[in-house]
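See below for the structure under consideration.
Residue numbers run from 1 in the order of the sequence given.
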Amino acid sequence: MRKLSYYTINYLRGLLPRTITQHMLGIRLREYERLSDAEKQQIRERVDYYMKIRAPYPVPQTNVALRDFTLKKCKSKRLKADEPCGYIHSTHFYDIYEYSRYFPDDMHFSYTSGDVWYNLQEPGICKSRPLKDGNENNVLLKLNKLRHFKWVDDPYSWEEKECRILFRGAIDKKPRRQAFVDMWKDHEWTDLTGKPLTLKEHLTSRYIMALEGNDVATNLKWVMSSNSVAVMPKPTCETWFMEGRLIPDYHYIEIREDYSDLIEKITYYENHPDEAKAIARHAHEWVEQFRNDKREDLISLMVLEKYFRLSGQL
């Protein structure tokens, strides 16, 4: 049902003439002026975090005009590699178009579809970026949110959950995940392989592994909205969720990169359940900032406005 609703809404957005939404840009951006000083500061910090570039820069050479940014063109694999608006995942297209439609047709921008774990050579819109120096060109938008940004209403309290360390996820061609499974698959507290589980079945475990694949751990967002606790090494990539700002052993349980202290850390929190439950509460507080759809829309528009303004197009 969620998937059907997503595609229906985005199909209807595509029927609305862009001239209408372009006239609404100023109205949408002025919502910022009606906020309190504290709210303005929070929003500005997030905008500057997603769009780290501070100084003017030239329009990227590998770019596409917004008038040409259509689903038909972007889904065509017949385009040449150097032709604007190459192939893009449909969810990435819809999530960019939701906000790009507010800007003039002659604006140009660059984007990179899919998982991005490397620094871009020029400023461009993308879903993720590495947590290392030189990532300023990776301008984050809330992309692939149908898959990544979903929350749960957890029916189980901490006490009702089992002391179990759960992991379900693809390990093929993901050596770090494979290494984790090989190391801990036989421990009495772990459930790392076996049949696929429903989301509700995941929630019966106190500890859920959030292991990175190509970039970020897809399940981290919903795990942090549950009453279970996410367990993972320090993240190496981040998305709109700002994984780089998460505090170890405050928002999630951090383990070593080689996973060697997993049982040591879980034993500690089993013996200190109030601290484990506090981590779940802090995770809920972090998630809460992403659940205000109106605020998320405003921040997304402000990120794009900053992108186009610093490139000299506004």
Side-chain angles (χ1 to χ4, degrees), residues 13-14 16-35 40-71 73-74 79-88 92-114 116 118-130 132-143 238-240 242 244 295-314:
R13 281 194 184 114
L16 186 67
R18 289 171 55 91
T19 52
I20 295 177
T21 51
Q22 289 165 6
H23 280 96
M24 294 172 59
L25 177 62
I27 297 174
R28 298 296 304 272
L29 290 176
R30 281 194 292 273
E31 294 172 7
Y32 175 80
E33 301 301 329
R34 295 193 288 270
L35 302 176
K40 288 179 180 178
Q41 181 178 348
Q42 291 172 353
I43 287 177
R44 178 50 59 189
E45 287 178 354
R46 284 184 62 185
V47 170
D48 289 341
Y49 189 80
Y50 298 136
M51 170 62 170
K52 290 185 175 183
I53 301 173
R54 301 288 184 267
Y57 62 91
V59 178
Q61 293 182 356
T62 56
N63 65 73
V64 59
L66 290 182
R67 67 167 60 87
D68 296 324
F69 188 62
T70 65
L71 183 60
K73 288 186 178 181
C74 291
L79 293 173
K80 298 178 181 178
D82 60 349
E83 198 168 352
C85 204
Y87 183 77
I88 185 174
H92 285 222
F93 170 83
Y94 285 132
D95 293 340
I96 293 175
Y97 184 78
E98 180 178 357
Y99 304 107
S100 66
R101 65 198 177 112
Y102 285 90
F103 294 86
D105 290 345
D106 59 353
M107 297 289 179
H108 286 70
F109 78 110
S110 174
Y111 68 88
T112 300
S113 184
V116 181
Y118 49 87
N119 291 338
L120 299 182
Q121 297 302 305
E122 56 185 359
I125 304 301
C126 56
K127 185 198 77 173
S128 53
R129 66 188 176 201
K132 62 182 181 181
D133 292 341
N135 65 2
E136 293 83 3
N137 285 337
N138 298 49
V139 180
L140 298 179
L141 274 188
K142 194 175 184 179
L143 304 185
E238 68 176 346
T239 64
W240 186 265
M242 300 188 293
R295 188 68 47 83
E296 294 290 275
D297 289 345
L298 176 58
I299 295 172
S300 298
L301 285 172
M302 290 179 67
V303 169
L304 279 181
E305 188 275 337
K306 183 178 179 183
Y307 179 88
F308 289 125
R309 174 167 45 83
L310 289 183
S311 65
Q313 300 182 80
L314 280 178

| What's the verdict on side-chain hydrogen bond (donor to acceptor under 3.5 Å, both in side chains) for E122 and N63, showing C-alpha distance, side-chain angles and the deciding distance? | CA-CA 10 Å; E122 56 185 359; N63 65 73; over 6 Å; no
| query | Mind checking whether I27 and R30 have side chains closer than 4.5 Å, heavy atoms only? | reply | yes
| task | Find out whether V139 and V303 are in side-chain contact, i.e. whether some heavy atom of one side chain is under 4.5 Å from a heavy atom of the other. | result | yes
| request: Report the C-alpha separation of R28 and T21 in whole Å, then their side-chain angles, then the decisive distance to 0.1 Å, and conclude whether the side-chain contact (heavy atoms from CB on, under 4.5 Å) test is met. | output: CA-CA 10 Å; R28 298 296 304 272; T21 51; over 6 Å; no
| message | Could you measure the distance from the CZ atom of F69 to the CG atom of D105? Nearest 0.5 Å is fine. | response | 13.0 Å
| field | Stepwise side-chain hydrogen bond (donor to acceptor under 3.5 Å, both in side chains) test for Y49 and E238 | value | CA-CA 11 Å; Y49 189 80; E238 68 176 346; 2.5 Å; yes
| From T112 OG1 over to I88 CD1, what is the distance, rounded to the nearest 0.5 angstrom? | 9.0 Å
| field | Gap between atom CG of N137 and atom CZ of R129 - 0.5 Å precision | value | 10.5 Å
| field | E296 and R46, any side-chain heavy atoms less than 4.5 Å apart | value | yes
| Distance-only side-chain donor-acceptor flag, K52 / N135, under 3.5 Å | yes
| task | Enter the distance from Y99:OH to I299:CD1 here, rounded to the nearest 0.5 Å. | result | 10.0 Å
| said: Could you walk me through whether M302 and L29 satisfy the side-chain contact (heavy atoms from CB on, under 4.5 Å) test, starting with their C-alpha distance in whole Å, then the side-chain angles of each, then the deciding distance to 0.1 Å, before giving a yes or no? | reply: CA-CA 7 Å; M302 290 179 67; L29 290 176; 3.9 Å; yes
| Y50: what forms a ring-ring contact (aromatic ring centres under 6.0 Å, His included) with it, not counting sequence neighbours? | W240
| Heavy atoms from other residues, nucleotides or ligands near CD of E33 exceed 12 (cutoff 6.0 Å) | yes
| request: Looking only at non-hydrogen atoms, find the nearest pair between L140 and T239 and report the distance. | output: CD1-O, 3.5 Å
| task | Indicate yes or no: at least one non-hydrogen side-chain atom of D106 is less than 4.5 angstrom from one of Q313. | result | no
| query | Short question: side chain of R309, backbone of Y307 - any donor-acceptor pair under 3.5 Å? | reply | no
| Counting only N and O atoms by type, is there a donor-acceptor contact under 3.5 Å from the side chain of S110 to the main-chain atoms of P60? | no
| query | Under 3.5 Å, side chain of Q22 to main-chain N/O of Y102, donor-acceptor pair present? | reply | no
| query | Partners of Y118 by ring-ring contact (aromatic ring centres under 6.0 Å, His included), sequence neighbours excluded? | reply | none
| task | Would you indicate whether the side-chain heavy atoms of M51 and L310 approach each other to under 4.5 Å? | result | yes
| Smallest separation among heavy atoms of N138 and C126, with atom names | CB-SG, 3.6 Å
| remark: Here the gap from L66 atom CG to D68 atom CG, rounded to the nearest 0.5 Å, amounts to 9.0 Å
| said: Quick check against the 3.5 Å criterion: does N119 have a side-chain atom that pairs as donor or acceptor with the backbone of D133? | reply: yes
| message | Just verifying a value: how many Å separate S311 OG and I53 CD1, rounded to the nearest 0.5 Å? | response | 9.5 Å
| query | How close do L71 and F93 get, heavy atom to heavy atom, and via which atoms? | reply | N-CZ, 3.2 Å
| note | With sequence neighbours left out, the residues meeting salt bridge (charged side-chain N to carboxylate O under 4.0 Å, His left out) with R67 are none
| field | Nearest heavy-atom neighbours spanning R18 and R101 | value | NH1-CA, 3.3 Å
| Without hydrogens or angle criteria, can the side chains of R13 and Y97 be said to hold a donor-acceptor pair below 3.5 Å? | no
| note | All heavy atoms of K306 vs all of D48, minimum pair found to be NZ-OD1, 2.8 Å
| task | Could you tell me which non-hydrogen atom of I125 sits nearest to which non-hydrogen atom of F109, and how far apart they are? | result | CG1-CD1, 3.9 Å
